[in-house]
There are 2 protein chains.
Amino acid sequence: MSKDDRILLAHGGGGQLSDQLIREVILPRVGEQEGEALGDSACLTVGSEKVCMTTDSYVVKPLFFNGGNIGKLAVCGTVNDLAVAGAEPMALSLGLIIEEGFATSQLETILESIGETARSCGVSIVTGDTKTVDAGAADGIFINTAGIGRLRYPNLGLDKVQVGDRILVSGTLGDHGMTIMSLRKDIRFQSPLCSDCAPLNGLIAELMEAAPNMRFMRDATRGGVAVTLNEIARGSGYGVIIRETDLPVAPTVRAAADMLGFDVLNIANEGKIVCVVPADQAEQALACCRSHDLGQQARLIGEVVCMPEGETPWVEMETKIGGKRLVQMPYGRELPRIC
Amino acid sequence: MSKDDRILLAHGGGGQLSDQLIREVILPRVGEQEGEALGDSACLTVGSEKVCMTTDSYVVKPLFFNGGNIGKLAVCGTVNDLAVAGAEPMALSLGLIIEEGFATSQLETILESIGETARSCGVSIVTGDTKTVDAGAADGIFINTAGIGRLRYPNLGLDKVQVGDRILVSGTLGDHGMTIMSLRKDIRFQSPLCSDCAPLNGLIAELMEAAPNMRFMRDATRGGVAVTLNEIARGSGYGVIIRETDLPVAPTVRAAADMLGFDVLNIANEGKIVCVVPADQAEQALACCRSHDLGQQARLIGEVVCMPEGETPWVEMETKIGGKRLVQMPYGRELPRIC
């Protein structure tokens with residue numbers, strides 16, 4: 001980046017520009033080794049134990065939405081990051097940055113959601129920090145949570161992915177993102193949109209029992225399933241083919257996305273995982289999801305394929321009308337402040 | 001707090017109001033058990049290991065100051081919180097919230113400080129998250145770091161404090177806070193103010209060798225030494241007496257504090273610890289500090305005393321002119337956005 005460059009909103013969108021910022025600006029300065037991944041979570045050796053650690057800041061706007069609020073989101077997001085890494089989430093830290101003048105009653109509602117959500121998934125808030133900034137210096141409240149957990153499933157990784165593996169999504173796509181966007185645009189539907197924001201550690205524990213050779217899991221948040229699928233292709237070196245007809249999308253989300261001109265593949269989810277599962281355990285994994293409250297709309301949407309010699313790994317979608325199109329890594333400007 | 005209450009800047013000041021917010025609003029909602037301390041750091045059992053975890057958000061204004069910047073601060077603060085808890089800092093997470101339009105060159109400088117400071121104290125940045133918000137929705141950049149470390153000295157705690165123990169400070173008071181305030185007020189001195197922002201894990205490791213029966217350590221940040229001393233009194237149930245003539249204060253800091261009407265006891269430090277050390281190891285601890293780069297101005301400033309029957313534990317200062325005054329817990333509005 002040149003000397004006069006400035007940060008754009010899209011640098012936080014989870015797409016190509018985020019990726020560039022992390023690789024070109026952040027990692028060379030704070031990473032331990034060149035090219036080291038500063039991933040969604042890290043696994044550390046502490047004495048005789050393997051401990052996973054992750055962090056996320058939450059800047060969602062508006063703070064309250066159907067299905068949750070910034071507090072619920074801050075617990076779910078970090079719990080899910082740990083769970084998809086194969087860790088059992090244990091403890092969260094809670095960092096609050098609050099703008100002067102923020103209503104204490106709103107803060108109380110957010111804190112109640114944090115407490116309830118943490119208790120519902122068996123995680124403790126163990127340490128915290130509260131900072132205030134002058135009116136106009138923040139947008140109500142920003143929350144950071146960091147989480148740690150004991151590594152329980154060490155055999156997950158993009159290096160485990162094999163040709164023929166199936167791609168599973170645990171439910172409908174785009175619910176969180178379209179809920180936020182419709183609120184911002186003040187668009188209402190007869191059957192209201194609702195964020196899918198939920199802690200997935202329970203579902204994931206059951207999934208790992210049902211499909212013990214699971215290769216890889218990721219919660220498809222900023223940038224949607226398109227980001228996750230591209231990361232699978234890039235990280236495994238294989239191609240990914242998905243079928244548009246198999247994508248689970250709620251009718252209202254579909255309508256809202258069409259109306260606002262969004263591709264559901266690029267829209268954030270806050271309670272959905274994408275799994276790469278070996279073909280011979282795919283049906284068990286699917287059945288397991290469907291028997292769980294948070295996975296009833298699960299679907300097998302595609303598979304991992306060999307790349308033609310010399311091609312960069314891509315993600316391709318077989319469209320409804322029988323064509324094919326590339327599913328690209330989104331640029332990042334789609335949905336600012338979605339989480 | 002009543003329904004119409006709003007958050008004040010002083011709620012983030014680290015004093016009485018912060019304390020009230022944590023006890024009355026935050027803890028009852030997110031804590032595990034009633035009255036449980038959501039301390040500066042927590043100690044967790046992970047399998048067979050004891051792991052400490054801590055977090056802090058950094059909102060200092062201005063972002064750059066003599067002696068450091070928000071990035072250096074974000075590493076030092078969290079490393080120090082772990083070290084004073086008796087843990088060996090191992091890994092940090094890094095959460096960035098950046099305002100649209102922030103200069104990439106400034107971000108790069110901040111990230112370089114983060115990387116350098118982390119390397120200098122043997123800690124890795126292992127995971128991170130970057131969020132952007134629209135112009136006007138944040139104040140340049142806010143940083144959160146969370147840290148974990150292996151518990152190395154499990155015998156520290158306010159319950160270990162005994163009558164007769166000595167109070168040691170590792171160096172001059174108020175350097176960080178007065179540096180920031182003078183910048184904001186645009187006041188300059190012939191010998192410039194400089195923040196004491198520094199990672200203290202190295203000094204603390206040496207101190208624990210020199211004084212293995214150390215009772216308690218705390219880095220005296222927001223609210224200054226006054227907060228730490230009051231926490232020692234409240235947490236141990238004993239009184240604390242300090243001597244004004246023994247307080248180490250740099251002449252320029254003294255001049256700036258007098259000019260601006262601050263009490264150095266209430267001013268934030270970012271590279272100083274307050275220790276409670278048994279009397280028979282106090283001289284060794286002092287000598288150890290003074291032989292370390294970061295502790296050359298260390299002083300024994302007071303001691304732990306019995307409280308008269310029925311009195312709430314207090315902190316008292318013998319003044320220069322031979323009088324006595326209470327050192328109160330500051331209210332919180334002294335120095336907003338100091339770290």
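Chain identifiers are assigned alphabetically (A, B, ...) following the order of the sequence lines, protein sequences preceding nucleic acid strands; residue numbering begins at 1 within each chain.
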Relative to chain B, which segment of [X] carries a heavy atom at a distance below 4.5 Å: side chain, backbone, both, or neither?
X: Met53(A); result: both
X: Leu92(A); result: backbone
X: Cys339(A); result: both
X: Gln106(A); result: neither
X: Thr78(A); result: neither

| With respect to chain B, which residue among Asp134(A), Asp139(A), Thr132(A) yields the maximal number of heavy-atom pairs within a distance under 4.5 Å? |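 Most heavy-atom pairs under 4.5 Å with chain B: Thr132(A).
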
Below 4.5 Å from any heavy atom of chain A, which atoms of [X] appear? Answer side chain, backbone, both or neither.
X: Thr45(B); result: backbone
X: Leu111(B); result: both
X: Leu9(B); result: both

| query | Is it the case that Thr127(A) and Ser41(B) place a side-chain donor and acceptor less than 3.5 Å from each other? | reply | no

| field | Trace of the side-chain contact (heavy atoms from CB on, under 4.5 Å) decision for Glu108(B) with Val25(A) | value | CA-CA 7 Å; Glu108(B) 288 170 346; Val25(A) 177; 3.8 Å; yes

Donor-acceptor pair, distance only, cut-off 3.5 Å: does the side chain of [X] make one with the backbone of [Y]?
X: Glu49(B); Y: Ser48(A); value: yes
X: Lys131(B); Y: Ser57(A); value: yes
X: Arg6(B); Y: Gly101(A); value: yes

| Pair Leu96(B)-Ile26(A), side-chain contact (heavy atoms from CB on, under 4.5 Å): steps then yes or no | CA-CA 10 Å; Leu96(B) 306 173; Ile26(A) 299 179; 3.8 Å; yes

| field | Shortest non-hydrogen contact between Phe142(B) and Ala137(A), atoms and distance | value |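 Nearest heavy atoms, Phe142(B) then Ala137(A): CZ-O, 3.2 Å.
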
| query | Do Leu94(B) and Thr55(A) come close enough that some side-chain heavy atom pair is under 4.5 Å? | reply | no

